[in-house]
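Contents: one structure, followed by commentary.
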Amino acid sequence: MNAMNFSEPEERIALRKAVAELGAKYGHEYYARKARADEKTHELWDEAGRLGYLGVNIPEEYGGGGAGIADLAAVLEELAAAGSPLLLMVVSPAICGTVISRFGTEEQKKQWLPGIADGSKRMVFAITEPDAGSNSHKITTTAKRDGDGWVLSGRKVYISGVDEADAVLVVGRMEDSKTGRLKPALFILPTGTAGFEYTKIPMDIVSPENQFSLFLDDVHLPAEALVGEEDAAIAQLFAGLNPERIMGASFSLGIARYALGKAVSYANQRQVWGTPIGAHQGLAHPLAEIKVELELAKLMTQKAASLYDSGDDFGAGESANMAKYAAAEVAIRATDQAVQTHGGNGLATEYGLGTLVTAVRLGRIAPVSREMVLNFVGQHSLGLPKSY
């Protein structure tokens, strides 16, 4: 994104157009039908992978597009704007692909990145625990040395898409040989490994992707399961969390665009007393406000992606948190107002909005809650005392 004129590069504009055409080919009816039948959107995922859209951020030497998180975020936004968001884009190419690209060994890159890039392999991310939600310092999943390998034990919750994944990038803790203290570490755990089990968490969200609890009972892993260097785990972790927030923002932006588009179309067509309902300020003003908030959130998301792709991890952290916050809020407002604009039709299956009501609410909670974003802004942006 050009810092002076705020225009995206021609290549990204062309990418958006191509992805929007793919998304329109499937649409929200396809997405909702799959979700309600407890089926996966494999057709869309596989086609997006074949066309190179899932791996635009993966280095070219490993089968990707060699671009940045800004381009991957554009792909997710356009698919969501077409009514068919792919949640696993947030974790497989964005988090896992980024971490392995930046910190993985050459063997790990060769083994995983080509498949992540073309969609033939999926890797999900496991950090949240029952007693360590926002407080990652309280993670209790531990990794102990076992000869040349590792033994992992612990539990994770609300992990997306494990039933579709080939492997899980697990955040655990190992003992520092110098200090004896526990420090973060990342491990690639194939889902078929002995001692690894997962159970589905029933959810009221209409989504093709499921949530799971993970159980690691003395899971034995080889030495090469450890990602990167032992002492780089904090850097590795945050290298994945900033893209996660940027992609989360793009997910919300796309849904907001979809909902707003549905509302505007209906407000132009629906007539009461011979006048389109969109002519009335009671509907026009809320929709106009959402458009303003949507564009502001999109600018912050693009800023965060630009900073991250330029290598400014610290600057990207502030912007990514703000973008995620703003995008989640406007997605909720857009969906609520779209339902209100449609009246009773807003919750009818035919109009494709009811499925979004609970889905957009998730944006305030994951991948980081709005309260923790406000804590971050208060402490790091405003210099206020730490409150937790």
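Given the structure is predicted, the values throughout are model-derived calculations rather than measurements.
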Go through Gln269 and Ser265 one step at a time and tell me if the side-chain hydrogen bond (donor to acceptor under 3.5 Å, both in side chains) criterion holds.
CA-CA 6 Å; Gln269 296 172 10; Ser265 177; 3.2 Å; yes
What I want to find out is whether Glu293 reaches Arg333 closely enough, with some N-O distance under 4.0 Å, to be called a salt bridge.
yes
Could you grab the distance from atom CE of Met89 to atom CG of Leu79, nearest 0.5 Å is fine?
6.5 Å
Residues Lys291 and Glu295 bridged, charged N to O under 4.0 Å
yes
With heavy-atom distances below 4.5 Å as the criterion, would you say the side chains of Leu22 and Leu44 are in contact?
yes
Any side-chain donor-acceptor pair under 3.5 Å between Tyr53 and Glu47?
no
I'd like to know whether CD of Gln340 has more than 12 heavy-atom contacts from other residues, nucleotides or ligands below 6.0 angstrom.
no
Are the charged groups of Glu329 and Arg370 less than 4.0 angstrom apart, N to O?
yes
Close side-chain approach of Glu78 to Arg257, heavy-atom, < 4.5 Å
yes
Non-hydrogen atoms of Leu152 and Ala143 that approach each other most closely:
CD1-CB, 3.8 Å
Is Leu362 reachable from Leu86 through a run of I, L, V, M, F, W or Y residues, each pair having side-chain heavy atoms under 4.5 Å apart?
no
More than 12 heavy atoms from other groups under 6.0 Å of OH on Tyr26
yes
Look up atom OG1 in Thr191 and atom CG in Leu214, then write down how far apart they are to the nearest 0.5 Å.
10.5 Å
Do Leu226 and Met123 land in one hydrophobic cluster if side-chain heavy atoms of ILVMFWY residues count as linked below 4.5 Å?
yes
Are more than 12 heavy atoms from other residues, nucleotides or ligands located less than 6.0 Å from atom CZ of Phe314?
no
Walk me through whether Lys200 and Asp38 qualify under salt bridge (Lys or Arg N to Asp or Glu O under 4.0 Å).
CA-CA 12 Å; Lys200 182 178 175 180; Asp38 198 21; 3.4 Å; yes
Output, in order, the C-alpha distance, side-chain angles, deciding distance and verdict of side-chain contact (heavy atoms from CB on, under 4.5 Å) for Ser153 and Leu216.
CA-CA 5 Å; Ser153 297; Leu216 290 75; 5.5 Å; no
Donor-acceptor contact present, side-chain Asp309 to main-chain Ala70, <3.5 Å:
yes
Can a side-chain donor-acceptor contact be found between Gln271 and Thr275 if the only test is distance below 3.5 angstrom?
no
Close side-chain approach of Thr335 and Leu353, heavy atoms under 4.5 Å
no
Going through the checks in order, is the side-chain hydrogen bond (donor to acceptor under 3.5 Å, both in side chains) test met by Ser381 and Glu318?
CA-CA 7 Å; Ser381 303; Glu318 179 184 55; 2.5 Å; yes
Is the shortest distance from a Lys or Arg side-chain nitrogen in Glu8 or Arg16 to a carboxylate oxygen in the other one below 4.0 Å?
yes
We want to know whether Gln379 and Ser387 form a side-chain donor-acceptor pair, criterion being a heavy-atom distance below 3.5 angstrom.
no
Just checking, is any N or O donor in the side chain of Ser120 or Asp118 under 3.5 Å from an acceptor N or O on the other one?
yes
Set out, in order, the CA-CA distance, both residues' side-chain angles and the distance that settles side-chain contact (heavy atoms from CB on, under 4.5 Å) for Leu186 and Val170, then state yes or no.
CA-CA 6 Å; Leu186 277 67; Val170 177; over 6 Å; no
When you measure from the side chain of Asp312 to the backbone N and O of Gly315, does any donor-acceptor pair fall under 3.5 Å?
yes
Taking the side chain as every heavy atom from C-beta outward, state whether Leu169 and Val124 have any pair of such atoms under 4.5 Å apart.
no
Short N-O contact, Asp166 and Arg122, less than 4.0 angstrom
no
Give a yes-or-no answer on whether the side chains of Asp204 and Thr358 include a donor-acceptor pair shorter than 3.5 Å.
no
With side chains defined as the heavy atoms from C-beta onward, is the minimum distance between Phe215 and Asp217 less than 4.5 Å?
no
If I take atom CH2 from residue Trp112 and atom SG from residue Cys96, how far apart are they, to the nearest 0.5 angstrom?
10.0 Å
CD/Gln302 to OG/Ser7 distance, rounded to the nearest 0.5 angstrom?
10.0 Å
Between Val90 and Glu209, is the side-chain contact (heavy atoms from CB on, under 4.5 Å) condition met? List the steps.
CA-CA 12 Å; Val90 178; Glu209 296 87 10; over 6 Å; no
With Glu43, which of Arg33, Arg50, Lys34, Lys25 fulfils salt bridge (charged side-chain N to carboxylate O under 4.0 Å, His left out)?
Lys34
Using the rule that Ile, Leu, Val, Met, Phe, Trp and Tyr join whenever any side-chain heavy atoms are under 4.5 Å apart, tell me whether Val157 and Ile139 fall into a single cluster.
no
Exactly one of Met174, His220, Glu224 clears side chain to side chain contact (heavy atoms under 4.5 Å, CB included) with Trp150, and that residue is Met174
Verdict with supporting geometry, Phe187 and Val227, side-chain contact (heavy atoms from CB on, under 4.5 Å):
CA-CA 6 Å; Phe187 296 88; Val227 177; 6.0 Å; no
Please list all pairs passing the ring-ring contact (aromatic ring centres under 6.0 Å, His included) test where one or both residues lie in residues 318-342, with sequence neighbours left out.
Tyr266-His342, His342-Tyr351
Classify the ring geometry of His28 against Tyr31: parallel below 30°, tilted from 30° to 60°, perpendicular beyond 60°.
parallel
Under a 3.5 Å distance rule, please check whether Ser369 uses its side chain to pair with a backbone N or O of Met372 as donor and acceptor.
yes
Output for pair (Ile205 CD1, Leu87 CG), nearest 0.5 Å, gives 9.5 Å
Does one hydrophobic cluster hold both Ile188 and Tyr62, with members joined at side-chain heavy-atom distances below 4.5 Å?
yes
Under a 4.5 Å side-chain heavy-atom rule over Ile, Leu, Val, Met, Phe, Trp and Tyr, are Ile365 and Ile246 clustered together?
no
So which pairs with a foot in residues 75-97 pass ring-ring contact (aromatic ring centres under 6.0 Å, His included), sequence neighbours left out?
none
How long is the span from the CG atom in Leu221 to the OG1 atom in Thr193, to the nearest 0.5 Å?
6.0 Å
Taking NZ, NE, NH1 and NH2 as the nitrogens, is one of them in Asp131 or Arg155 under 4.0 Å from a carboxylate oxygen of the other?
no
Quick check: are there more than 12 heavy atoms from other residues, nucleotides or ligands sitting under 6.0 Å from CD of Gln281?
no
Test: Lys40 cationic atom under 6.0 Å from Trp45 six-membered ring centre, within 45° of axis:
no
Is a donor on one side and an acceptor on the other found under 3.5 Å between the side chain of Asp71 and the backbone of Asn57?
no
For Val330, what are the other residues in its hydrophobic cluster, where any two members join if their side-chain heavy atoms are less than 4.5 angstrom apart?
Leu253, Leu260, Val264, Leu287, Ile290, Leu294
